[in-house]
Amino acid sequence: MKIPFREIFPPLSVFYILVAYILASLIWWSMLHMRKNKSEFENKATIMRLMAERQGRHPEDVIHSVEYRDLEKKMHRQNQMIYGEGIIFLLILFVGAYQVHSGLRKEIALNRQQRNFLLSITHELKSPLASIKLTLQTLIQRQLSPDRSKGLLNNSLQDTERLSTLVDNLLMAAKLESQSVQYLPEEQSLNGIVEEVFFHLKNRGNLARQIELELEEDLGISGDRLALVTIVSNLVENAIKYSGEGDIVGAQAFRSAKKLILRVYDTGIGIEAAEKDKVFEKFYRVGNEDTRRTKGTGLGLYLVRQLVRLHKGTINVSDNVPKGTVFTLEFPYREFAEASSPMLTKKSKA
Ligand code: ADP
């Protein structure tokens with residue numbers, strides 16, 4: 001069996017060897033230079049001693065001569081130059097090596113995450129399609145009671161919703177990646193959008209979570225509707241996915257000074273401190289493919305953060321008390337003109 005070269009010699013070990021080689025040759029060249037410097041000094045000092053002897057003086061008297069001292073000073077200066085240049089070179093080497101090293105590590109991690117992403121996306125696409133296909137085949141081949149049929153159709157509806165969210169997320173990620181997303185600021189109601197997402201959630205049935213909603217009215221926000229729905233629904237879907245039966249999933253939205261604050265929280269499994277920054281990275285999922293029980297692509301929070309930034313907002317994650325996670329989003333508050341406020345009020349009551 002042919003073992004790929006990359007696996008025998010991982011890219012980082014080639015890099016470490018290269019840095020070690022540069023370091024060793026730097027030390028070797030510096031020592032060689034200093035040795036040559038010293039031997040040049042000793043040769044010149046010997047000539048001085050010989051000349052002193054010829055002139056009938058004691059050879060060791062040259063040590064006190066001006067020429068000898070100048071020669072000594074020159075040797076020290078040259079040694080200092082070698083030290084100085086060596087230190088500068090070392091510093092540049094370390095800074096460069098550190099940057100290349102962290103760049104390579106990031107690249108390797110991204111490659112691994114991309115591979116995981118492809119695996120999980122294939123699974124995410126295949127499993128709802130297989131279950132919808134099975135439901136349709138069952139409904140065609142068998143005469144089921146209306147209740148049973150309704151149950152199966154409800155499950156398929158959930159599967160299509162999952163597929164549709166996945167495709168929306170993929171499209172949005174592709175758009176963000178090509179930097180072709182530009183939103184015309186449109187008047188939206190943040191409380192209306194949150195209510196709408198939770199309304200769909202409640203309609204889904206067999207949710208087994210306690211829902212809490214605390215929304216101020218007329219929270220006007222300037223942005224894109226689909227993007228804002230994507231933000232809220234990704235956070236809410238995660239709150240459900242990473243919590244269990246009987247846990248609380250909730251949202252709060254209110255105005256504070258010139259900001260709109262939206263909190264989406266749960267009493268689920270929570271996120272460890274070391275993972276809190278990483279969860280917003282593209283394709284990042286906590287844990288590894290073998291131990292992870294939940295499905296996902298690692299795109300959700302990446303999309304959320306990018307979209308929040310496009311709306312000039314910020315997002316933070318913290319621990320909920322006594323357990324779980326809180327995502328806090330802050331957007332600039334926008335007071336809309338009187339003429340357009342009925343739209344906001346209408347939506348917020350939907
Ligand atoms: P995924 O498709 O894996 O859910 P996300 O980008 O939405 O991808 O989330 C990244 C990771 O952050 C998840 O794998 C999960 O471990 C963690 N996470 C996200 N939301 C929550 C939450 N509400 N509670 C606990 N962990 C969460």
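Just so you know, ligand 1 is whichever comes first in the structure, and atom 1 is the first atom listed for that ligand. The analysis underlying the following values was restricted to heavy atoms, covering all of them including side chains, and did not include hydrogens, waters or symmetry mates.
- A heavy-atom separation below 4.0 Å is not found between Glu275 and ligand 1.
- Distances from atom 18 (N) of ligand 1 to the heavy atoms of Val249, Ile240, Thr297, Ile271 put Ile271 nearest.
- Here is the list of ligand 1 atoms found below 4.0 Å of a heavy atom in Gly300: 5 (P), 6 (O), 7 (O).
- For ligand 1, the polar-atom distance check against Asn238 finds a nitrogen or oxygen pair separated by under 3.5 Å.
- Side-chain atoms of Glu275 and Tyr284 form a donor-acceptor pair, as typed in the model, at a separation below 3.5 Å.
- The pair Asp218-Arg255 fails the salt-bridge criterion, with no side-chain N (NZ, NE, NH1 or NH2) lying under 4.0 Å from an Asp/Glu carboxylate O.
- Here is the list of ligand 1 atoms found below 4.0 Å of a heavy atom in Gly296: 2 (O).
- Here the closest non-hydrogen pair linking Asn234 and Leu303 is ND2-CD1, 4.5 Å.
- Residue Tyr284 has no nitrogen or oxygen atom sitting less than 3.5 Å from a nitrogen or oxygen atom of ligand 1, judged on distance alone.
- In the hydrophobic clustering of ILVMFWY residues, with side-chain heavy atoms under 4.5 Å counting as a link, Val317 and Ile231 come out together.
- For the side-chain contact (heavy atoms from CB on, under 4.5 Å) with Val232, the lone residue among Val194, Val304, Leu329 that qualifies is Val194.
- Ring to ring, Phe41 and Tyr68 are close: their centroids are under 6.0 angstrom apart.
- Using a cutoff of 4.0 Å between basic side-chain nitrogens and carboxylate oxygens, Glu53 and Arg49 are not scored as salt-bridged.
- A heavy-atom separation below 4.0 Å is found between Gly298 and ligand 1.
- Where the criterion is an N or O separation shorter than 3.5 Å, residue side chain and backbone included, Leu301 meets it with respect to ligand 1.
- Residue contacts with ligand 1 for Asp266 involve side-chain atoms from C-beta outward but no N, CA, C or O (heavy atoms, distance under 4.0 Å).
- With a 4.0 Å cut-off on non-hydrogen atoms, Thr325 touches ligand 1 through its side chain and not its backbone.
- By the 4.5 Å heavy-atom criterion applied to side chains, Leu91 and Phe94 are not counted as neighbours.
- Near Val279, the atoms of ligand 1 lying under 4.0 angstrom from a non-hydrogen atom of the residue are 10 (C), 11 (C), 12 (O), 17 (C).
- Per-residue contacts place Lys241 under 4.0 angstrom from the following atoms of ligand 1 (heavy atoms of the residue considered): 1 (P), 2 (O), 4 (O).
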